[in-house]
Amino acid sequence: MEQFSFRVKKVCAQSGARIGELVTPHGVIETPVFMPVGTRATVKSLAPRDVKETGAQIILANTYHLYLRPGHKIVQAAGGLHKFMAWDRPILTDSGGFQVFSLSKLRKITDEGAVFSSHIDGSVHKLTPELVMEIENALGADIIMAFDECAPYGVDHKTAKEAYKRTIYWLKRCYNAHQNPAQALFPIVQGNMYEDLRIASIQETLPYAKYGLGIGGLSVGEPTEVMCKMLDALQPYYPENMPRYLMGVGSADYILEGVIRGIDMFDCVLPTRIARNGTAMTAQGNLTIRNNQFKEDFRPIEEGCDCYACQNFTRAYIRHLINVDEILGGKLLSIHNIRYLIRLTEQIKEAIYQDRLLDFRKEFYQKYKKSAE
RNA sequence: GGGUAGGUUCCCGAGCGGUCAAAGGGAGCAGACUGUAAAUCUGCCGCCUCCGGCUUCGGUGGUUCGAAUCCACCCCUGCCCA
C-alpha cells in the first residue's frame, strides 16, 4: 500500500495556484503549506506544542547538522526523529545540499561528494549521495531531500551548468540508494538564474520525481523579479500530480508570488531568525519591535492576530524582553511570525477557493510594505 | 589634621607633551537577516553651515610653538594613620 499520495483539490481560476492534499505516514498536509525550520531537531526556542499551536503541519530538520550532532545513529537508536524530538506530525529533512552553499568556505566539491570541514570542531567529513540517504533513512523523516549542489547567486553559466549536472548525477545515486518506502524522496531542480538550465534541470530531474519536486537555489540574494522569472520558466514543466516545493522561501510576498506560480510548499528560517533578532512580520510588513518607537506601545504585535503572543502580550513588553535579552522575547516573536505566515497560507487558500487570488494579491500589496512604518 | 591613590566624552575604563574628539568595553540608536556556523552580524554614537570648523578630559591660573598629558593652588572622592 502506498504511504504517499497527492491530489489537487482545487485550482484557482485566476492563476496557477492550487490547493492540494499530501498524504504522508505521519498525517495529511494541506497545501499551500509553510513549514517552519528546526534544523537541529528543534524549531529554535519553541516546544513542539508551541509549534503545533501555530498551525504548523510539518517541520524541517537538517541532515548535515544532525549527522554531526548528536549523530544519526543516536537519533535512530532513539526511535527516529519523530520520537527523539517528540513531534508526531510529518517531518522533512533537508539533505545538507544547502550547506554546500552556506558553508562554501569550509567545503570542497567533487563528483564523488562534498568534503566538509566541520564548523564545530574542524573535523573532515565527506558527504556523498549514498551517505546522505543512509543518514536521512536513519533519521526517519517522512520526506527526504536529495543531495544537491546549490550554486551561489552570480555564478556564470558554465559554473551553474556544472552544478545542476552534478546535482542530476547525485540524484541518480540518491534514487538508487534510497530504499525505505516510508520516506518520499524529493529531487531538487537547480540551474541558478539561467532559464535554459532551469528547464534542462527539471526535464532531467522529472524521471526521478515520484512524490514531489524541490526547487532549490533560489532566494539566495537575487532580486525578486529574477526569482519570479525562474519560476515562470519552470511552471509549464510541472507534473500536476505532485507537490512543488520552493526551498528556502519565507517572506510573505515571496510565498504569495510562489503560490501564484504553482508552488505548494515553502520553508524558511526567516520568521524564527528575525524573531530572535527582534522583528515581527505583519500584514503591513516587518516591524522592528526592538526599536525605541515601541517602548510605550501597548497594543499587540498585530491587531486581529490569533497567536498566543498577540492574545496575551504587548509590543512594549516584547520589546522590553528583546531589549534585556530575555529568551521569551524571541520565543513570542517566533510564535507570532510562524503563525503570521501560516495565517497567510490560510488566507491564500481561501482566495484560491474563491478564484480570486490575483485580487487578493492586489489587496495584499496595498497594505504590505517591505519595511512597515 | 597627616599621608596616599585618584578625578577622562551617558557608564566603566585606556591614554600620560604633538600622529587625540581621545583605545576598548557597556549602554543607547539604527540597519541587515529567506532549504539556520545567526538569541547573529553591520553601522552610528561631543557639536556644527561636516572634504572644513568649533567646544571637551574636576576648577582656575601658568609653562610650551603645542597640554587630557608638565607646574601651582583650589574643589571633590577612595584608602591608611591620628
Side-chain angles (χ1 to χ4, degrees), chain A residues 34-46 58-66 68-69 91-107 116-122 132 136 141 143-150 153 167 186-190 212-224 227 245-255 257-258 263 265-279 281 286 288-295 318-319 321-334 337 341 370-371 373:
Chain A
F34 175 75
M35 310 182 281
V37 178
T39 302
R40 302 195 290 194
T42 169
V43 178
K44 289 185 193 295
S45 85
L46 303 184
I58 168 174
I59 59 173
L60 259 71
N62 188 283
T63 299
Y64 176 69
H65 292 267
L66 294 176
L68 288 179
R69 289 189 306 195
I91 299 176
L92 180 154
T93 41
D94 185 30
S95 61
F98 186 71
Q99 280 59 49
V100 172
F101 160 77
S102 67
L103 301 177
S104 58
K105 291 166 289 288
L106 297 170
R107 136 247 100 165
F116 288 90
S117 168
S118 160
H119 63 275
I120 300 156
D121 61 6
V132 168
E136 294 201 89
I143 298 170
I144 63 176
M145 302 308 295
F147 191 48
D148 66 325
E149 180 182 346
C150 178
Y153 172 56
T167 298
F186 279 30
I188 300 171
V189 173
Q190 288 292 343
L213 185 67
I215 296 148
L218 290 175
S219 197
V220 287
E222 78 281 8
T224 317
M227 181 187 77
Y245 163 29
L246 177 55
M247 306 181 74
V249 159
S251 62
D253 52 342
Y254 278 29
I255 288 174
E257 296 302 333
I263 301 296
M265 303 167 70
F266 304 86
D267 80 284
C268 199
V269 305
L270 194 64
T272 46
R273 179 181 290 172
I274 68 176
R276 277 174 277 119
N277 296 331
T279 299
M281 294 173 148
N286 288 167
T288 310
I289 291 294
R290 142 171 61 81
N291 283 178
N292 183 259
Q293 67 176 131
F294 298 111
K295 77 178 159 196
I318 294 169
R319 173 188 185 270
L321 293 177
I322 292 287
N323 226 256
V324 296
D325 222 19
E326 281 290 344
I327 49 182
L328 183 59
K331 173 174 175 152
L332 292 174
L333 283 172
S334 292
N337 287 349
L341 289 181
K370 266 293 175 190
S371 183
E373 292 171 275

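Lettering of chains follows the sequences in order, A, B, ..., and the numbering in each one begins at 1. Computed from heavy atoms alone, side chains included, the values below leave out hydrogens, waters and symmetry copies.
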Give none if [N] has no partner; otherwise give the nucleotide forming a Watson-Crick or G-U wobble pair with it, both distances under 3.5 Å.
| N | value |
| --- | --- |
| B:U77 | B:A5 |
| B:G52 | B:C48 |
| B:U69 | none |
| B:G24 | B:C12 |
| B:A32 | B:U40 |

With a non-hydrogen cut-off below 4.0 angstrom, is [X] in contact with a base, only sugar-phosphate, or nothing?
| X | result |
| --- | --- |
| A:Gly217 | base |
| A:Gln190 | base |
| A:Gly250 | base |
| A:Leu60 | sugar-phosphate |
| A:Ser118 | nothing |
| A:Leu106 | base |
| A:Arg107 | nothing |
| A:Thr272 | base |

Check whether any side-chain nitrogen or oxygen of [X] sits under 4.0 Å from OP1 or OP2 of [N], and answer yes or no.
| X | N | result |
| --- | --- | --- |
| A:Asn291 | B:A30 | yes |
| A:Ser102 | B:U36 | no |
| A:Arg319 | B:C29 | yes |
| A:Asn62 | B:U36 | yes |

For nucleotides [N] and [M], find the distance between their [atom1] atoms and express it as a whole number of Å.
| N | M | atom1 | result |
| --- | --- | --- | --- |
| B:G3 | B:A67 | C1' | 29 Å |
| B:C33 | B:U42 | C1' | 11 Å |
| B:U60 | B:U49 | P | 27 Å |
| B:A22 | B:C54 | P | 15 Å |
| B:C51 | B:C57 | P | 26 Å |
| B:G1 | B:C47 | P | 42 Å |
| B:C16 | B:C11 | P | 23 Å |
| B:U55 | B:C74 | C1' | 24 Å |

Specify the separation, in whole Å, of atom [atom1] of [X] and atom [atom2] of [N].
| X | N | atom1 | atom2 | answer |
| --- | --- | --- | --- | --- |
| A:Glu222 | B:G35 | CD | C1' | 13 Å |
| A:Ile322 | B:A38 | CD1 | C1' | 14 Å |
| A:Leu103 | B:A38 | CG | C1' | 12 Å |
| A:Ile289 | B:G31 | CD1 | P | 12 Å |
| A:Leu270 | B:A39 | CG | P | 14 Å |
| A:His119 | B:U36 | NE2 | P | 11 Å |
| A:Leu46 | B:U36 | CG | P | 16 Å |
| A:Leu66 | B:U36 | CG | P | 11 Å |

A side-chain contact here means heavy atoms from C-beta on lying under 4.5 Å apart; do [X] and [Y] qualify?
| X | Y | result |
| --- | --- | --- |
| A:Asn62 | A:Arg40 | no |
| A:Asn292 | A:Arg319 | yes |
| A:Phe294 | A:Ile318 | no |
| A:Asn323 | A:Lys295 | no |
| A:Ser251 | A:Phe266 | no |

Note to self: I'd like to know if A:Asn292 reaches the base of B:G28 with its side chain, counting only an N/O donor and acceptor under 3.5 Å.
What the structure shows: no
Notebook entry, point to check: Which heavy atom in A:Ser117 sits nearest to a heavy atom in A:Gly122, and how many Å separate them?
Noted result: OG-O, 3.2 Å
Item checked: For A:Gly214 against A:Met145, the heavy-atom pair lying closest together -> CA-CE, 4.1 Å
Margin query: If we ignore hydrogens and angles and just use 3.5 Å, is the side chain of A:Thr93 paired with the main-chain N or O of A:Ile144 as donor and acceptor?
Written below: no
Check: Backbone N or O of A:Asp94 within a donor-acceptor pair of the A:Thr63 side chain at under 3.5 Å?
Finding: yes
Next item on the list: Residues of residues 92-99 of chain A with any non-hydrogen atom less than 4.0 angstrom from an atom of RNA chain B: list those, numerically ordered, please.
Entry: A:Asp94, A:Phe98, A:Gln99
What nucleotide among [options] has an atom nearest to a side-chain atom of [X]?
| X | options | result |
| --- | --- | --- |
| A:Thr288 | B:C33, B:G35, B:G31 | B:G31 |
| A:Arg290 | B:A39, B:A30, B:G35 | B:A30 |
| A:Asn277 | B:G35, B:A37, B:U40 | B:U40 |
| A:Arg276 | B:U36, B:C33, B:G35 | B:U36 |
| A:Asn323 | B:C29, B:U36, B:A30 | B:C29 |
| A:Ile327 | B:A37, B:A39, B:C33 | B:A39 |

For residues 270-277 of chain A, which side-chain N or O atoms pair as donor and acceptor with protein atoms under 3.5 Å away, sequence neighbours left out?
from     : atom 1 : to       : atom 2 : distance (Å)
A:Thr272 : OG1    : A:Val269 : O      : 3.0
A:Arg276 : NE     : A:Thr272 : O      : 3.4
A:Asn277 : ND2    : A:Arg273 : O      : 3.4

Checklist line | With A:Ala146 via side chain to side chain contact (heavy atoms under 4.5 Å, CB included) - residues at least two apart | finding: A:Leu171, A:Cys174, A:Leu185
Notebook entry, point to check: If you pin A:Arg40 and A:Ile188 to their nearest nucleotides in RNA chain B, which one's is more 5'?
Noted result: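 Nearer the 5' end of the strand: A:Ile188.
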